[in-house]
K.L.:
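Pasting a structure below so you can have a look.
The basis for the numbers below is simple: all heavy atoms, side chains too, and nothing from hydrogens, waters or symmetry mates.
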Amino acid sequence: MSFWPPFSRKQRAPASLELARASTRQQICVIHHWDVCDIVGNCVVSAQRQVTVQEGPLYRTEGSHITIWCNVSGFQGPSEQNFQWSIYLPSAPEREVQIVSTIDPSFPYAIYTQRVRTGKIYVERIQGNSALLHITELQARDAGEYECHTPNTDERYFGSYSAKMNLIVTKLQVSKSKRTITLVENRPIQLNCSVKSQTSLNSHFAVLWYVHKPSDADGKLILKTTHNSAFEYGTYAEEEGLRGRLQFERHMSGGLFSLTVQRAQVSDSGSYYCHVEEWLLSPNYAWYKLAEEVSGRTEVTVKRPDARLKLSQAQGNVTVLETQKVELECVVLNRTSGASRLSVEWHVWKPNHPERETVARLSREATFHYGEQVAKNHWKGRLHLESPSLGVYRLIIQNTAVQDSGTYNCLVEEWLLSPSDVWYKRAEDSSGQTIVTVLRPDATLQVDTVVPNVTVPEKSPFQLDCNILSRSSQESRFAVAWYALRTKAGGKKGSALEEEEIERKAMLSVGPDAVFGPEGNHWEGRLRFQRLSPVLYRLTVLQADPSDTGNYSCRVEEWLSNPQKEWYRLTEEESGPIGIQVLDTGSTLQSIICANDALFYFVFFYPFPIFGILIITILLVRFKTRNSSKNSEGKNGVPLLWIKEPHLNYSPTCLEPPVLSIHPGTID
């Protein structure tokens, strides 16, 4: 039996010839159980023979792997089929290009030779009638119409059979551009993810957003949007509390996705990127992932606003008198943000004290606080802080004291509110220094220094006036003391030691609180004090004695009250000497007696009992004599001689001397 050479796919027999041959061979084919026999007796497969390939079109991305199966059914010939794969490339000179064959894979088309030899393109036979075509690392030029055909190698078989499918190779492209963003906190972070190309117009995308911190080995998931537009928050968003600050958007263009982090804070700094997954719906309505790609990174740096706080550096020098007020200004020239809050703290450096002291503080909540040294410096109740205009802070020290002297300045802290609603200190600055000098009032006390010479008679009073011509303050109080100036024994008038040889004997003193001191012994009981006016004091000496002759002066101390209500002596001044001359009126019985205490008592007190005894004796003698006289007269008739009692006038004081008169007796 002879066999016809098989017809190739491009050189098939005419249909009429095939029918004629079939009619003559029908019997032979039936005997051999072949469907159709050619005119020479060859039997081939007819309509029952079928080649099928994987259903297409198939969408694959560049660089991925694909497996295409091919199956021959309805054939009862030899068990080992020859599978040849060809591809129709629109750009190739010959549109049909053989890729690989199961019989001789050594001679594919030139552009596939290297890939076949390296095993990136090969055919795997599964069974005698099935085979798989494997292509790894798909390239864009691999896209086209693939044909699986089984040509006849035996003349007994008629024709070859094939099936075709389309492979579409596209590359999922996501923008790989790198960006660097630097922004100030509280502003939004705009992150974009752009899909440049996709496998199918029907593709859906799942976008995963990641952030990579220098301290982390891998990126942390922020947010995921699935291919069906569902949202899922990542662990990073949960841990950092980003849920309320995230906003995701898919633009109408379809390939642009954006993620916005609202109110960025410093901790949001990092490297951001997106991971895109391409999903497609299969004919059996199952979603499958086609490809995935990672975008370029966006380096985000969130920084705090630049510190622009600036204070006036003007220096100052203020000199005031005690009890006056001092106003110190702290001027803010510039600040970082109009929404910032300021805290103002005033400090002072005291003379000979190296450490600064806190005077007062105004917090960012506008609450006033005293410094630590308030009690020590008695500032409480004397400090006042005000802000007459924006950026101007004024410290007022009322009723200043000498202890308030020092070098003052202010320290301003600027506070900002972070996106997480936490206040933090952004900047601080110090102002220029102001030297404050608090002085006590100038000592202008002046006492009348006119030197009067006064002559008074003995027993007459004389006055010592202390006249204050000027004083340092209207609030002053005075302490006044009078002194008797006596020259010490041995002192030489006019010598250099004259001042030291003057003895000062205190007569009377009156303190600033109007409390009297003790009187001098020599003048005790003879002094009278008068305050004729706030600046005129008078001391009167009663019953002037020649021993009072000499010089007198008054010393005035001026006292003021400090802000702590403590009195201090500001200054003192002494008047000029006042010369007093007491005239001696001569030695009279009265003066002699009054000048000597023993004689005074002897004259005016001791005679009384003596005179009493004497009078009683005289009366007794007279009584006895009279009785005897009567007896004698009765006897002899001679009259008796009687003497009358003397009359005594006595004055108990030295002002009127006693008058002693003795009247002669009469003879009855």
K.L.:
Please examine the side chains of Val412 and Val344, heavy atoms only from C-beta on, and report whether any two atoms are closer than 4.5 Å.
P.N.:
yes
K.L.:
Restricting to non-hydrogen atoms, name the atom on Arg394 and the atom on Pro388 that form the minimum distance, rounded to 0.1 Å.
P.N.:
NH2-CG, 3.7 Å
K.L.:
Could you check whether any side-chain heavy atom of Ile181 comes within less than 4.5 Å of a side-chain heavy atom of Tyr272, counting everything from C-beta outward?
P.N.:
no
K.L.:
Would you check, one step at a time, whether the test side chain to side chain contact (heavy atoms under 4.5 Å, CB included) holds for Ile135 with Tyr146?
P.N.:
CA-CA 12 Å; Ile135 304 177; Tyr146 283 75; 3.7 Å; yes
K.L.:
So, Thr358 side chain and Ala360 main chain: donor-acceptor pair closer than 3.5 Å or not?
P.N.:
no
K.L.:
So with a 6.0 Å cut-off around CG of Asp218, is the heavy-atom count from everything else above 12?
P.N.:
no
K.L.:
In terms of the angle between their ring planes, are Phe231 and Phe248 parallel, tilted or perpendicular, with boundaries placed at 30° and 60°?
P.N.:
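Rings of Phe231 and Phe248: perpendicular, over 60°.
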K.L.:
Rounded to the nearest 0.5 Å, how far does NZ of Lys213 lie from OG of Ser271?
P.N.:
11.0 Å
K.L.:
So Leu167 and Leu138, side chain to side chain contact (heavy atoms under 4.5 Å, CB included) or not? Walk me through it.
P.N.:
CA-CA 11 Å; Leu167 174 63; Leu138 278 173; 4.2 Å; yes
K.L.:
Parallel, tilted or perpendicular: which describes the rings of Phe257 and Phe205, with under 30° parallel and over 60° perpendicular?
P.N.:
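Correct class here is perpendicular.
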K.L.:
Could you tell me whether the side chain of Ser295 and the main chain of Cys274 form a donor-acceptor pair under 3.5 Å?
P.N.:
yes
K.L.:
Is there a donor-acceptor pair closer than 3.5 Å between any side-chain N or O of Gln313 and the backbone N or O of Ser430?
P.N.:
yes
K.L.:
Decide whether Gln433 and Thr407 meet the rule of one side-chain donor and one side-chain acceptor closer than 3.5 Å.
P.N.:
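No, no side-chain donor-acceptor contact under 3.5 Å.
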K.L.:
Using side-chain heavy atoms (C-beta onward) and a distance below 4.5 Å, is Lys220 in contact with Glu240?
P.N.:
no
K.L.:
At their closest point, which heavy atom of Gly270 faces which heavy atom of Val211, and how far apart are they?
P.N.:
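Closest approach of Gly270 to Val211, heavy atoms only: CA-CG2, 4.2 Å.
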K.L.:
When you compare the side chain of Glu55 with that of Met165, does any pair of heavy atoms fall below 4.5 Å?
P.N.:
no
K.L.:
Is there a donor-acceptor pair under 3.5 Å between the side chain of Arg263 and the backbone N or O of Pro419?
P.N.:
yes
K.L.:
Decide, yes or no, whether a salt bridge links Lys176 with Glu293 under the criterion of side-chain N to carboxylate O below 4.0 Å.
P.N.:
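Here Lys176 pairs with Glu293 in a salt bridge, since their nearest N and O are under 4.0 Å apart.
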K.L.:
Evaluate the side chain to side chain contact (heavy atoms under 4.5 Å, CB included) criterion for residues Leu246 and Trp209: first the C-alpha distance (whole Å), next the side-chain angles of each, then the deciding distance (0.1 Å), finally the verdict.
P.N.:
CA-CA 11 Å; Leu246 294 179; Trp209 295 90; over 6 Å; no
K.L.:
Over 60° means perpendicular and under 30° means parallel, so tell me whether His275 and Tyr210 are parallel, tilted or perpendicular.
P.N.:
perpendicular
K.L.:
Are side-chain heavy atoms of Glu329 and Val392 found at a separation under 4.5 Å?
P.N.:
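In contact.
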K.L.:
Report yes or no: do Asn71 and Ser130 form a side-chain donor-acceptor pair below 3.5 Å?
P.N.:
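There is such a pair between these side chains.
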K.L.:
Is there a side-chain contact between Gln262 and Gln247 (heavy atoms, below 4.5 Å)?
P.N.:
yes
K.L.:
How long is the straight-line distance from CH2 of Trp423 back to CD of Glu365, given to the nearest 0.5 Å?
P.N.:
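Here the rounded value is 8.5 Å.
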K.L.:
Quick one: does any side-chain atom of Thr260 pair with a main-chain N or O of Gln190 as donor and acceptor, under 3.5 Å?
P.N.:
no
K.L.:
Can you tell me how far CD of Gln139 sits from CZ of Arg115, rounded to the nearest 0.5 angstrom?
P.N.:
4.0 Å
K.L.:
Would you mind telling me which of Arg308, Lys310, Glu414 makes a side chain to side chain donor-acceptor pair (under 3.5 Å) with Thr336?
P.N.:
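Exactly one candidate clears the test, Glu414.
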K.L.:
Rounded to the nearest 0.5 Å, what separation is found between the CD1 atom of Ile121 and the OG1 atom of Thr136?
P.N.:
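The CD1 atom of Ile121 sits 7.5 Å away from the OG1 atom of Thr136.
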K.L.:
Heavy atoms only: give me the nearest Val53-Cys148 pair and the separation to one decimal.
P.N.:
CG1-CB, 3.6 Å
K.L.:
So do the side chains of Val276 and Cys193 get within less than 4.5 Å of each other, counting heavy atoms only?
P.N.:
yes
K.L.:
Could you walk me through whether Gln265 and Ser418 pass side-chain hydrogen bond (donor to acceptor under 3.5 Å, both in side chains), step by step?
P.N.:
CA-CA 7 Å; Gln265 54 190 12; Ser418 69; 5.0 Å; no
K.L.:
Write down the atom of Ala264, the atom of Leu183, and the distance for their closest heavy-atom approach.
P.N.:
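Looking at all heavy atoms of both residues, the closest pair is CB-CD1, 4.3 Å.
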K.L.:
Grab the two heavy atoms, one from His347 and one from Val359, that are nearest each other, plus how far apart they are.
P.N.:
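Shortest heavy-atom separation between His347 and Val359 comes out as C-CG2, 4.1 Å.
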K.L.:
Can you check whether Asn202 reaches Leu281 side chain to side chain, under 4.5 Å on heavy atoms?
P.N.:
no
K.L.:
Pair Glu299, Lys178 - check side chain to side chain contact (heavy atoms under 4.5 Å, CB included), show working.
P.N.:
CA-CA 8 Å; Glu299 301 293 335; Lys178 296 182 179 180; over 6 Å; no
K.L.:
Between Leu191 and Arg179, which heavy-atom pair has the shortest distance, and what is it?
P.N.:
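Looking at all heavy atoms of both residues, the closest pair is CA-NH2, 4.0 Å.
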K.L.:
Working to the nearest 0.5 angstrom, can you tell me the gap between Leu411 CG and Ser343 OG?
P.N.:
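Going from CG on Leu411 over to OG on Ser343, the span is 7.5 Å.
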K.L.:
Assess whether atom CD of Glu249 is packed by more than 12 heavy atoms of other residues, nucleotides or ligands within 6.0 Å.
P.N.:
yes
K.L.:
With a 3.5 Å distance limit and no angle check, can you tell me whether Ser431 reaches the backbone of Ser312 through a side-chain donor-acceptor pair?
P.N.:
no
K.L.:
Side chains of His227 and Glu277: donor-acceptor distance under 3.5 Å anywhere?
P.N.:
no
K.L.:
How long is the span from the CG atom in Leu259 to the CD1 atom in Ile222, to the nearest 0.5 Å?
P.N.:
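That separation rounds to 6.0 Å.
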